[in-house]
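Input: a single structure, listed below in structure tokens.
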Amino acid sequence: MAVERTLSMVKPDGVERNLIGEVLARFERAGLRIVALRMARLSLADAQAFYGVHRERPFFQSLCNYMSSGPIVAFVLEGDGAIAKAREVMGATDPAKAATGTIRRDFALSIERNTVHGSDARETAAFEIGFHFSGLNLYAR
């Protein structure tokens, strides 16, 4: 399997509930390396740009309001099949459908306040990493 990079974020509900360390540890235990990390607070405009792919969806404005409501922690994960592995660790978007032991099953408050975000494809990962870490020479082994 190819070494990939993907973006994940601890959403405002996870930051507020002091879950940053636990979320990061779960990815590390799954064999993924954290190669970049930053805490930020997205403006409403930033959230709208980041989630622009969902602009026509009924949940778009609610999602953007939520994601700009408090700090997030964005990080880049690297490893063999990182995108699929990270999504497995996170669990299904709907925590009621997420597998036992996944981040969303264990910590999500709702389908929107589901503690973590993760890229779903190589193209998405490239956009999302660039969005949060533009111009940064990411650590490479």
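Numbering of residues begins at 1 and proceeds along the displayed sequence.
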Query raised in the report: Does Arg17 have any side-chain contact (heavy atoms from CB on, under 4.5 Å) partners at least two apart in sequence or in another chain, and if so, which?
Result: Asp13, Leu19, Phe107, Leu109, Thr115

Query raised in the report: In chain order, what residues pass the side-chain contact (heavy atoms from CB on, under 4.5 Å) check against Ala30, with sequence neighbours excluded?
Result: Lys85, Val89

Report summary line: Minimal heavy-atom distance between Phe75 and Ile34, with the atoms involved, is CB-CG2, 4.3 Å

Report summary line: Taking every heavy atom of Glu78 against every heavy atom of Ala82, the minimum-distance pair comes out as C-CB, 4.2 Å

Query raised in the report: More than 12 non-hydrogen atoms from neighbouring residues, nucleotides or ligands closer than 6.0 Å to CD on Glu28, yes or no?
Result: yes

Query raised in the report: Ala86: what forms a side-chain contact (heavy atoms from CB on, under 4.5 Å) with it, not counting sequence neighbours?
Result: Thr6, Phe27, Leu32, Leu77

Could you list the donor-acceptor pairs under 3.5 angstrom formed between side-chain atoms of residues 91-102 and any protein atom two or more places apart in sequence or on another chain?
{"residue": "Asp94", "atom": "OD1", "partner": "Ala96", "partner atom": "N", "Å": "3.0"}
{"residue": "Thr102", "atom": "OG1", "partner": "Ala99", "partner atom": "O", "Å": "2.7"}
{"residue": "Thr102", "atom": "OG1", "partner": "Arg105", "partner atom": "N", "Å": "3.3"}

Query raised in the report: Do the side chains of Leu7 and His117 get nearer than 4.5 Å, heavy atoms only?
Result: yes

Requested in this report: With sequence neighbours excluded, tell me which residues meet salt bridge (charged side-chain N to carboxylate O under 4.0 Å, His left out) with Arg55.
Outcome: none

**Report entry** Residues which pass side-chain hydrogen bond (donor to acceptor under 3.5 Å, both in side chains) with Glu4, listed by chain and number, not counting sequence neighbours
**Finding:** Arg122

Report task. Evaluate salt bridge (charged side-chain N to carboxylate O under 4.0 Å, His left out) for Glu128 paired with Arg5, printing each intermediate quantity in order. Result -> CA-CA 11 Å; Glu128 292 180 350; Arg5 286 187 171 171; over 6 Å; no

Report task. Could you pull out the closest heavy-atom pair between Met67 and Ala47, with the gap in Å? Result -> CB-CB, 4.3 Å

